[in-house]
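Inspection log for the structure reproduced underneath, given as structure tokens.
Just the heavy atoms: all of them, side chains too, but no hydrogens, waters or symmetry mates, feed the values below.
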Amino acid sequence: MMDWMEFPHRRWNPLTGDWVLVSPQRTRRPWQGRVEPAPAQSQPAFDPQCYLCPGNHRTGGAKNPIYTGAFVFDNDFAALLPGAAPLEFDRGRLLAARAERGICRVVCFSPDHSLTLPRMGVAEIRGVVDTWIEQCRELSRRPEIGYVQIFENRGELMGCSNPHPHGQIWAGETLPTVWRKEQAAQAEYRSTRGACLLCDYLALERQSERVVCENDSFVALVPFWAVWPFEILMVSRRHCPSLETLADAEQNDLSEIMKQITIRYDNLFETSFPYTMGFHQRPTDGAAHEEWHLHAHYCPPLLRSATIPKFMVGYELLAEPQRDLTPESAAARLRELSPRHYLDSR
Ligand code: H2U
Ligand code: ZN
């Protein structure tokens, strides 16, 4: 029998309803594209020019306190504002616009400019998790906030302007596109099958070739429908809707698995691995949202080396995302890497 995984096929993403084209037969095609310069590796623990380091002035004029753990401030150049003027624009149901209120914050993960999540201790990462949870609690109490998007953009390749370890929080009024798709898919699954989509997916993936690493509370895997070469989906084992509802031990396990994932990423090409990661969790409209299952997506751009990213261009922009490396091969490569950071192994 021919192995269908060796031939071009499309895979379905049950969380969004989108498809991805997989072309495993192309993995050996020659590469003559552009080579990115390797980004600078080592950073000082304090950078007098950095607008996120303790005690420094930000571009907006404010001065950071001498903070010692995680530190949050309102983004000086926020994309969303709490008091946007009301607007309902509709021209022939063809041109439509709505006002959108919200709050944007920056979360410094550590006062140490030279660190990254994989180089931080689990207890320090737990401090970041605690800060995220406090932020979710505070923001979700506001009537104008409908969801809280926590994310990290890491590396120049991802357009991140500053190597100081930090992430962002954008909390808005109206569920954005990806959240809306995931909510609809999870609600539909629950109403037609009486079960949770991600609980059922995790059960199918138990000991599968797509699992990268796991602990008592979380599983990290390259999803069957991954778009980015080394994309990871991190899912809580327990059916749990949000960061806020994680038990204390689960919050520690979250900190630990984030370290495991990012160590493996750094080890893959022995570089500070760029990515966008972020959490998806229950909206904050006050409803129970039994359908929601907490998870995080890691979307890294690198394909072949520290300097060669995958470009989402051509067919991907116009038709559908496509990948050559199978999710199974990507997971095998990540799984076989050392759980010890390469800079600690030298
Ligand atoms: P990046 O993760 O994309 O580098 O974002 C850093 C954020 O920090 C960015 O959203 C904000 C930018 O608006 N920022 C401030 O809030 N104050 C500053 O003084 C500089 C940058
Ligand atoms: Zn700094």
Are Y298 and W228 close enough that their ring centers fall under 6.0 Å?
no

In chain order, what residues pass the salt bridge (charged side-chain N to carboxylate O under 4.0 Å, His left out) check against D344, with sequence neighbours excluded?
R119

For residues V212 and V222, determine if any side-chain heavy atom of one lies less than 4.5 Å from a side-chain heavy atom of the other.
yes

Write out all pairs satisfying salt bridge (Lys or Arg N to Asp or Glu O under 4.0 Å) with one or both partners inside residues 283-295, taking only residues at least two apart or from two chains.
none

Angle class for the W225/Y201 ring planes (parallel below 30°, perpendicular above 60°, tilted otherwise)?
tilted

Would Q183 and W292 count as having a side-chain donor-acceptor pair, cut-off 3.5 Å?
yes

Can you confirm whether R154 sits close enough to T116 that some side-chain heavy atom of one is under 4.5 Å from a side-chain heavy atom of the other?
yes

Does the side chain of E182 come under 3.5 Å of the side chain of Q186 through a donor N or O and an acceptor N or O?
no

Is E173 salt-bridged to R101, going by a charged N under 4.0 Å from an acidic O?
yes

I would like to know whether R282 and E244 meet salt bridge (charged side-chain N to carboxylate O under 4.0 Å, His left out); could you show each step before the answer?
CA-CA 10 Å; R282 168 173 77 185; E244 276 180 68; 5.5 Å; no

Can you name the residues that form a salt bridge (charged side-chain N to carboxylate O under 4.0 Å, His left out) with R323, not counting sequence neighbours?
none

Any side-chain heavy atom of F279 sitting closer than 4.5 Å to one from L294?
yes

Residue pair P223 / L221, side-chain heavy-atom distance below 4.5 Å
yes

Side chains of L80 and N75: closer than 4.5 Å at any heavy-atom pair?
no

Excluding sequence neighbours, so at least two apart, what forms side-chain hydrogen bond (donor to acceptor under 3.5 Å, both in side chains) with W170?
Q168

H293/H295 aromatic ring centres below 6.0 Å
no

What residues, two or more places apart in sequence or in another chain, satisfy side-chain hydrogen bond (donor to acceptor under 3.5 Å, both in side chains) together with T276?
N153

Test question: given the 4.5 Å side-chain rule for I, L, V, M, F, W and Y, name all other residues clustered with F89, or answer none.
L87, L95

Residues passing the side-chain hydrogen bond (donor to acceptor under 3.5 Å, both in side chains) test with R193, sequence neighbours excluded, are Y189

Determine which pairs satisfy salt bridge (Lys or Arg N to Asp or Glu O under 4.0 Å) with at least one residue from residues 233-243, sequence neighbours left out, and list them in order.
E214-R237, R238-E250

Answer whether the closest heavy-atom distance between the side chains of R26 and Q322 falls below 4.5 Å.
yes

Between N13 and T16, is there a side-chain donor-acceptor contact under 3.5 Å, judged purely by atom types and distance?
yes

Is a salt bridge present between E328 and R11, judged by a nitrogen-to-oxygen distance below 4.0 Å?
yes

If you measure from the Lys or Arg side-chain nitrogens to the Asp or Glu carboxylate oxygens, is any gap between R335 and E209 under 4.0 Å?
no

Could R126 and D248 be called an ion pair, given the rule that one side-chain N must be under 4.0 Å from one carboxylate O?
yes

Apart from L21 itself, what residues make up its hydrophobic cluster when side-chain heavy atoms of I, L, V, M, F, W and Y under 4.5 Å apart count as a link, directly or indirectly?
Y315

Report the distance from atom OG1 of T262 to atom CG of L117, rounding to the nearest 0.5 Å.
5.5 Å

Just to verify, what does R105 make a salt bridge (charged side-chain N to carboxylate O under 4.0 Å, His left out) with, not counting sequence neighbours?
D74, E138

Who passes side-chain hydrogen bond (donor to acceptor under 3.5 Å, both in side chains) against R142, sequence neighbours left out?
none

Quick one: are C160 and H166 in side-chain contact, heavy atoms under 4.5 Å?
yes

Say whether Y265 and T271, considering side chains only, have a donor N or O and an acceptor N or O under 3.5 Å apart.
no

For Q251 and S255, which heavy atoms make the closest approach, and how far apart are they?
O-OG, 2.8 Å

Applying salt bridge (charged side-chain N to carboxylate O under 4.0 Å, His left out), name anything that partners D76, two or more places apart in sequence or on another chain.
R58

For the residue pair W12 and W19, does the interplanar ring angle fall in the parallel (under 30°), tilted (30 to 60°) or perpendicular (over 60°) class?
tilted

Y275 and F273: aromatic ring centres closer than 6.0 Å?
no

